[in-house]
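Note sheet for the following structure.
Values reported hereafter were calculated over all heavy atoms of this structure, with side chains retained and with hydrogens, waters and symmetry mates removed.
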Amino acid sequence: MCGIIGIENNEDAVVLTAAGLLTLQHRGEESVGITLSGKEKMETFRYMGLVSKIFNDEILLKKLPATAAIGHVRYTTSSKSSLINAQPFQMSCIHGNISLAHNGNITNFHEIKEILLKKGAIFNHTSDTEILLHLMAMSKGELADIVANSMRKLDGAFSLVILRDKTLIGARDKNGFRPLVLGKIDNSYILSSETPAIEVIGGKYVRDIEPGEIIVIENGEIKKSFIYESPKKQNTCIFEQVYFARPDSVMFGHTVKEARIKMGEYLALQMKNIKADIVMPVPDTGYCAAIGFSRISNIPFENALVRNYYVGRSFIKPMQNLRDLIARFKLRPIKEVINGKEIILIDDSIVRGTTSKRLANILREAGARKIHFALSCPPIINSCYYGIDTPSKENLIAANNSIEEIRKYLDIDSLTFLTLENLIKACSFDDKRNTEKDNNFCTACFTGKYLTNISNYIPKKS
Ligand code: SF4
C-alpha cells in the first residue's frame, strides 16, 4: 500500500504536500519522497523512513521556491524495499521533465517489461512503476494522451499523481481499486489518496476521481477530465474500509469509522447467542467495530489493551523476523480489566494467525476466563495482487485450515468472521450508487474472484 498526494498553484505547495503526507503516513512507513516544481526546474527528494525525513533544512527551511509538488509514502508490495524504489520517480524525456507517484500493483508488469527490454529499454529500478515512465516516454501526443495511451496497456491497480512543470495530473485504473480524491484550497487543487490529507491542510473535498478517469489541472483550473477506458463497474478494494484507510476518511459517502461501526453491529447480530462480560478491541482498527458490537449487544465496551505507538504497524513491515519482534512490543493487557472475565475480542482480520495466537496467550495470562474472537471481515483465503501485502496462499492460515482448526490453533473458545454479505452492506450503506449486492468492491482475497488477469503476475516473496 502507498499514499499519494499532489498540489498545484500554491506558494506553500511544499509544506502542504509534506503535511498531507504526514496524514497519509499509515499507508506506508518504508520510504517517502517529494517532487517540487520550482521556477526553473523540478527536483525530487527521496528518503527511507518516515515523512519526518522530508522536514529537513534542504527542503523546508531553505524554502525552495515551488508552486506545485507531488509526494509519496511507500510500503513494498512488488519489489525490494530500498531507496532506489522510493517514489516519486522523475525522468527527463521527449515530453519534458515528468515525475510520477503510484499507489497499487501493475499485474502485467513482467510481460510489459520483457517487451520493453527487447526494445532496448534500460531499467534503473525494480519497481513495477518504472514501466509507466517508459511507456509514457515512448508515447506520442499531449501529456494527457501519453498518460492515457500508457494506462491502456496496463492491468491491475494504479492510482497516479503526475507532475510536469506546473501541470498536475491524477488518474485511476478502470476498476478504481485504490482511492484517489480531489480537493480544493483557495485557488489550488489537491489530489490525495484519502480525504483527511485534504482537510488537514485546510482544503475541502470536492469529489472522487472516477475509475478510468484522467484529470488535468493547471493554474487552479481543471483543464480536462475524461475517461480513458470505460469501467464495467467500480471495484474499489473493500479492505481499505476494513483495515487500511483512516477512520476519518470519507469513502462511498460515509466515514470509514461509520462503516467499521456497522461491521461491529453485524458481528453482534451474528453472535447474538454469545453472552460475555466485556467487548474489547484490538487497537486501533478494532475500536470502531467494538463500539458497534457493544451498542447492539449491550455488552460493556472496555479498552483493555494498550498499544505502543512507537512500534510500526506490524502488518506493513516487509520482513517476517521484524514482524515477530514488533508484535511482542506492540500490545500490553490491563490485567485488572481482563482478570476473571469472559471477553469478546474484536480485530479487523487474521492473516497468518501468529499475532492473533500471541494475543490470545497474552489475554489468558492476564486472567481471561473465556475468549471469543470476532473479525470484521471474512477469512482471507487468497493473496492480494492489487497493492496490499498479504502473504502467499501457503502462509494464509484461513486458506489452509477450517474455522474450527483455526480456533483450536488459537486456543480460544469461539471464532467468528463477519460474512461477506454483511461486510458489503457495512461498507456501502450510504452509497447512492450501490443498489445491488456485491456492487462496487473488489473482494478477491475472500472469494478468489480476481478482476484482472493475474496468471503472469509474480508476487513478492513473503
Ligand atoms: Fe483489496 Fe482483497 Fe481486492 Fe486486494 S484482493 S484489492 S486486499 S479486496
Handout entry: Donor-acceptor contact below 3.5 Å, side chain N422 vs main chain L418
Key = no
Exercise for the section: With rounding to the nearest 0.5 Å, note down the distance linking CD1 in I34 to OH in Y47. Expected result: 9.0 Å
Completion exercise
The complete set of side-chain hydrogen bond (donor to acceptor under 3.5 Å, both in side chains) pairs with one or both residues in residues 194-204, sequence neighbours excluded, reads H26-E194, R27-E194, E194-S249
Practice task
Give a yes or no on whether the backbone of T390 and the side-chain of S383 come within a donor-acceptor separation of less than 3.5 Å.
Solution key: no
Exercise for the section: Can you run down the salt bridge (charged side-chain N to carboxylate O under 4.0 Å, His left out) pairs that involve residues 218-230, sequence neighbours left out, and say none if there aren't any? Expected result: K174-E229, E221-K223
Exercise for the section: Start with the C-alpha distance between V51 and V73, add both sets of side-chain angles, then the distance that settles side-chain contact (heavy atoms from CB on, under 4.5 Å), and finish with yes or no. Expected result: CA-CA 7 Å; V51 174; V73 286; 3.5 Å; yes
Practice task
Determine yes or no for a side-chain-to-main-chain donor-acceptor pair under 3.5 angstrom, with E130 supplying the side chain and N124 the backbone.
Solution key: yes
Practice task
Would you tell me whether N175 and T452 have side-chain atoms, one donor and one acceptor, within less than 3.5 Å of each other?
Solution key: no
Problem - Heavy-atom check, side chain of R46 versus side chain of S31, under 4.5 Å - result: no
Exercise for the section: Determine the minimum heavy-atom distance between A398 and I381, stating which atoms define it. Expected result: O-CG2, 3.4 Å
Problem - N400 to N395 - nearest heavy-atom pair and separation - result: ND2-N, 4.4 Å
Handout entry: Flag for S37-K166: side-chain donor and acceptor within less than 3.5 Å
Key = yes
Practice task
Measure the shortest side-chain to side-chain distance between C237 and Y386 over non-hydrogen atoms and say whether it is less than 4.5 angstrom.
Solution key: no
Handout entry: Y450: ring pair (Phe, Tyr, Trp, His ring centres under 6.0 Å) partners, not counting sequence neighbours
Key = Y385
Handout entry: Modelled atom types, side-chain donor and acceptor of E43 and T35, under 3.5 Å
Key = no
Completion exercise
dist L16:CG -> I5:CD1 (nearest 0.5 Å) comes out at 8.0 Å
Practice task
Indicate yes or no: at least one non-hydrogen side-chain atom of M91 is less than 4.5 angstrom from one of M136.
Solution key: yes
Handout entry: Residues, nucleotides or ligands: over 12 heavy atoms within 6.0 Å of E394 CD
Key = yes
Exercise for the section: For the residue pair L423 and C427, establish whether any side-chain heavy-atom pair is separated by less than 4.5 Å. Expected result: yes
Practice task
Taking ring pair (Phe, Tyr, Trp, His ring centres under 6.0 Å) as the test, write out the residues that go with F373, two or more places apart.
Solution key: none
Completion exercise
Closest non-hydrogen atoms of V147 and I214, given as atom of the first, atom of the second and distance, are CG1-CD1, 3.9 Å
Exercise for the section: Just do the ring pair (Phe, Tyr, Trp, His ring centres under 6.0 Å) check on F177 and F239 with the steps written out, would you? Expected result: CA-CA 10 Å; F177 284 110; F239 210 62; over 10 Å; no
Handout entry: Between D348 and T285: side-chain donor-acceptor atoms closer than 3.5 Å
Key = yes
Problem - Identified side-chain contact (heavy atoms from CB on, under 4.5 Å) partner of M138 from the options I94, L133, L116 - result: L116
Problem - Closest non-hydrogen atom pair, I380 against I350 - result: CD1-O, 3.9 Å
Problem - Cationic N near anionic O, under 4.0 Å, D248 to K257 - result: no
Exercise for the section: Would you give the length of the straight line joining atom CG of N440 to atom CD1 of I424, rounded to the nearest 0.5 angstrom? Expected result: 10.0 Å
Problem - Proximity of H102 and F89 rings by center, below 6.0 Å - result: no
Handout entry: Y189 side chain reached by I7 side chain, heavy atoms, under 4.5 Å
Key = no
Exercise for the section: Say whether, by atom type as modelled, one donor and one acceptor occur between the side chain of R74 and the main chain of M48 under 3.5 angstrom. Expected result: no
Handout entry: Distance (rounded to the nearest 0.5 Å) between E111 CD and I131 CD1
Key = 9.5 Å
Donor-acceptor contacts under 3.5 Å from residues 155-165 side chains, at least two apart:
unit_1: S159; atom_1: OG; unit_2: R178; atom_2: O; d: 2.8
unit_1: R164; atom_1: NH1; unit_2: H95; atom_2: O; d: 2.9

Exercise for the section: Could you tell me the separation between the CG atom of N149 and the CG atom of L135, rounded to the nearest 0.5 Å? Expected result: 9.5 Å
Problem - Over all atoms of both residues, closest heavy-atom pair of F441 and S428 - result: CE1-CB, 3.7 Å
Practice task
Taking atom types as modelled, find out whether T255 and E258 have a side-chain donor-acceptor pair closer than 3.5 angstrom.
Solution key: yes
Practice task
Identify which one of I190, D208, I215 satisfies the side-chain contact (heavy atoms from CB on, under 4.5 Å) criterion when paired with L182.
Solution key: I215
Completion exercise
side-chain contact (heavy atoms from CB on, under 4.5 Å) with N105: of D389, D128, I388, only one passes, and it is D128
Handout entry: Under 3.5 Å side-chain donor-acceptor pair for Q90 and S99
Key = no
Exercise for the section: For the pair R152 (side chain) and Y228 (backbone), establish whether a donor and an acceptor sit closer than 3.5 Å, ignoring hydrogens and angles. Expected result: yes
Exercise for the section: Go through the steps for E213 and R207 under the test salt bridge (charged side-chain N to carboxylate O under 4.0 Å, His left out), then give the verdict. Expected result: CA-CA 12 Å; E213 181 180 357; R207 66 172 177 86; 2.7 Å; yes
Practice task
Could you check if a side-chain atom of N303 sits within less than 4.5 angstrom of a side-chain atom of M280, using non-hydrogen atoms only?
Solution key: no
Exercise for the section: I would like to know whether N308 and L331 meet side-chain contact (heavy atoms from CB on, under 4.5 Å); could you show each step before the answer? Expected result: CA-CA 6 Å; N308 184 335; L331 293 169; over 6 Å; no
Practice task
Starting from the C-alpha separation in whole Å, work towards a yes-or-no answer on side-chain contact (heavy atoms from CB on, under 4.5 Å) for Q241 and M251.
Solution key: CA-CA 8 Å; Q241 295 200 59; M251 291 185 174; 3.9 Å; yes
Problem - Close side-chain approach of L191 to I209, heavy-atom, < 4.5 Å - result: yes
Handout entry: Considering all heavy atoms, the nearest S192-I198 contact
Key = CB-CG1, 4.0 Å
Problem - Side chain D347, main chain P283, donor-acceptor under 3.5 Å - result: no
Practice task
State, yes or no, whether a side-chain contact exists between I169 and I217 at a heavy-atom distance under 4.5 Å.
Solution key: no
Handout entry: Side-chain donor-acceptor contact under 3.5 Å, K41 with N97
Key = no
Fill in the blank from the handout: CG of L410 to CG of N361, rounded to nearest 0.5 Å, is 10.0 Å
Handout entry: Flag, side chain of K357 to backbone of Y409, donor-acceptor distance under 3.5 Å
Key = yes
Problem - Residues I4, L180; criterion side-chain contact (heavy atoms from CB on, under 4.5 Å); working and verdict - result: CA-CA 8 Å; I4 55 177; L180 188 64; 3.9 Å; yes
Completion exercise
Residue pairs meeting side-chain hydrogen bond (donor to acceptor under 3.5 Å, both in side chains), one or both in residues 3-18, sequence neighbours left out, come to N10-S188
